[in-house]
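Here's the structure we're looking at; comments come further down.
Along the sequence shown, residues are numbered consecutively beginning with 1. Quick caveat: nothing in here was measured; it's all calculated off a predicted structure.
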Amino acid sequence: MSEQRILVTGAGGFIGGHLVASLIADGENVRAVDVKPESDWYQVHPEAENNVLDLRRLDACREAVAGTTEIFNLSADMGGMGFIENNKAACMLSVLINTHLLEAAVDADAEKLLFSSSACVYAAGKQESADVAPLQEGDAYPAMPEDGYGWEKLFSERMCRHFQEDFGLQTRVPRYHNVYGPDGTWEGGREKAPAAICRKIAEAELSGNHEIEIWGDGEQTRSFTYIDDCVHGTRLLMDSDVSEPINLGSTQLVTINQLVDMVERIAGIEVQRNYDLSAPQGVRGRNSDNTMIRQRLGWEPSITLEDGLENTYRWIHEQLAQRVAKVS
């Protein structure tokens, strides 16, 4: 095991859990931190030093960063569109985590901090059409990000920049585009579109009631990034000299209806689609321009949406089937 200790915050969450697994597999010495009790973590790795801490508190951040050289900050109070649309203040309070971690990292002489940003920082006016032009990093300004969650992410990006300029802390800022995959949120209101669609169709398959609800008219567009590609890109970025914010996403643009088509084929059923036009939908279209990350890091997604969805669907179907088996 490496003598250098790496901190992963949000380690009980989706991306954090997969990142800890990747680092441990490579022999890294990992401290994993999350606010949730360990019983609620998606993945618990006994090889890591696992801690339950509330990183909204400065003293907790100082405890978390002590003795670490690199920090992956994946902690945030967030979820899919249904959550961030109705919990703007809660999303913005994540700024306490980012502020205190940056301060604690400087005080502890840490070398690097990676802040997980989001495509929600991009200006709304650039995302009004389903046939959206891929978003370049400069499209975040003039600023008009997603209300609440996007503003917090954009502000925290600027903090990273100025902490590097003023204190010499090396910062890295990936802008994630709709990361999905197994071992993540798939129910309860915080899930994102791929997990929600997979769950709804798995429920339809298991129940025999082949009818699902879709938020909006289904013609809104997104690109989706599989978790393994996300972790690989995240680690490449941390090990690079790229300090400015950078897109980390897929360029495969699909409508939500096309997403449903794909999951139907995986499940082997067709469903009746009931559209709720009053439900939260977010921007009309969003896609990633990967020119910068391709040029600077040589990174491209390697897993197709079809293959990633199959892995995600099989995992969510298994969770539901196990639940049904326990009830019966």
Do the side chains of [Y] and [X] get nearer than 4.5 Å, heavy atoms only?
| X | Y | value |
| --- | --- | --- |
| R296 | D241 | yes |
| T221 | V254 | no |
| R5 | V30 | no |
| Q272 | I212 | no |
| V106 | F163 | yes |
| M292 | V242 | yes |
| V65 | I71 | yes |
| E300 | R294 | yes |

For [Y], is there an ion pair with [X] - N to carboxylate O distance below 4.0 angstrom?
| X | Y | answer |
| --- | --- | --- |
| R273 | D217 | no |
| E128 | R284 | no |
| E310 | R314 | yes |

Evaluate salt bridge (charged side-chain N to carboxylate O under 4.0 Å, His left out) for E187 paired with R323, printing each intermediate quantity in order. CA-CA 13 Å; E187 65 176 349; R323 182 180 295 171; 2.5 Å; yes

Within a 6.0 Å radius of atom [atom1] on [X], are there more than 12 heavy atoms belonging to other residues, nucleotides or ligands?
| X | atom1 | result |
| --- | --- | --- |
| E306 | CD | yes |
| R56 | CZ | no |
| H45 | NE2 | yes |
| K126 | NZ | no |
| M159 | CE | yes |

Let me confirm one number: the [atom1]-[atom2] distance from [X] to [Y], rounded to the nearest 0.5 Å.
| X | Y | atom1 | atom2 | answer |
| --- | --- | --- | --- | --- |
| L237 | F72 | CG | CZ | 8.5 Å |
| L23 | H18 | CG | NE2 | 13.0 Å |
| E49 | L7 | CD | CG | 9.5 Å |
| I97 | L101 | CD1 | CG | 7.5 Å |
| L253 | D131 | CG | CG | 7.5 Å |
| H177 | Q252 | NE2 | CD | 14.5 Å |

Between D276 and S278: side-chain donor-acceptor atoms closer than 3.5 Å: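 Per modelled atom types, D276 and S278 side chains form a pair under 3.5 Å.
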
Side chain to side chain donor-acceptor pair (under 3.5 Å), that's the test. Do E211 and N274 meet it? Break it down for me. CA-CA 7 Å; E211 189 173 335; N274 300 323; 2.7 Å; yes

Is E63 reaching over with its side chain to a backbone N or O of D59, donor-acceptor style, under 3.5 angstrom? no

Does L259 share a hydrophobic cluster with Y176, counting links as ILVMFWY side-chain heavy atoms below 4.5 Å and allowing steps through other members?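 Both belong to a single hydrophobic cluster.
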
Identify the two heavy atoms, one from [X] and one from [Y], that lie closest to each other, and give their separation to 0.1 Å.
| X | Y | answer |
| --- | --- | --- |
| S118 | K153 | CB-CG, 4.2 Å |
| C198 | T312 | SG-CG2, 4.2 Å |
| A204 | I269 | CB-CD1, 4.1 Å |
| S223 | S250 | OG-O, 2.8 Å |
| F115 | P174 | O-CD, 3.1 Å |
| V95 | S156 | CG2-OG, 4.1 Å |

Let's go through Q43 and W41 carefully: what are the C-alpha distance in whole Å and the side-chain angles of both, what is the deciding distance for side chain to side chain donor-acceptor pair (under 3.5 Å) to 0.1 Å, and is it a yes or a no? CA-CA 5 Å; Q43 300 183 56; W41 291 24; over 6 Å; no

The test is ring-ring contact (aromatic ring centres under 6.0 Å, His included); show your working for Y226 and Y180 and say whether it passes. CA-CA 5 Å; Y226 190 65; Y180 73 100; 5.5 Å; yes

Tell me, with the steps shown, if E152 and S94 meet side chain to side chain donor-acceptor pair (under 3.5 Å). CA-CA 7 Å; E152 185 277 321; S94 293; 4.9 Å; no

R190 and D77: CA distance, side-chain angles, deciding distance, salt bridge (charged side-chain N to carboxylate O under 4.0 Å, His left out) verdict: CA-CA 10 Å; R190 291 179 183 255; D77 194 358; 2.8 Å; yes

When you measure from the centre of the six-membered ring of Y122, is the NZ or CZ of R175 closer than 6.0 Å and no more than 45° off the axis?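 Here R175 passes the 6.0 Å and 45° test against Y122.
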
Indicate the ring-plane relationship of H317 and Y313, choosing parallel, tilted or perpendicular according to the 30° and 60° boundaries.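 Tilted.
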
For T171, which of E165, Q164, E244 qualifies under side-chain hydrogen bond (donor to acceptor under 3.5 Å, both in side chains)? Q164

For residues 219-237, which residue pairs pass the salt bridge (Lys or Arg N to Asp or Glu O under 4.0 Å) check, not counting sequence neighbours? D26-R235

Per side-chain contact (heavy atoms from CB on, under 4.5 Å), N247 is matched among N287, T291, I293, N290 by N290

Among I303, I15, L19, find the one that has a side-chain contact (heavy atoms from CB on, under 4.5 Å) with C230.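 Result: among I303, I15, L19, I15 is the only option passing the side-chain contact (heavy atoms from CB on, under 4.5 Å) with C230.
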
Please assess N257 against Y275 for the test side chain to side chain donor-acceptor pair (under 3.5 Å), listing each intermediate value before the final yes or no. CA-CA 10 Å; N257 279 326; Y275 296 96; 2.8 Å; yes

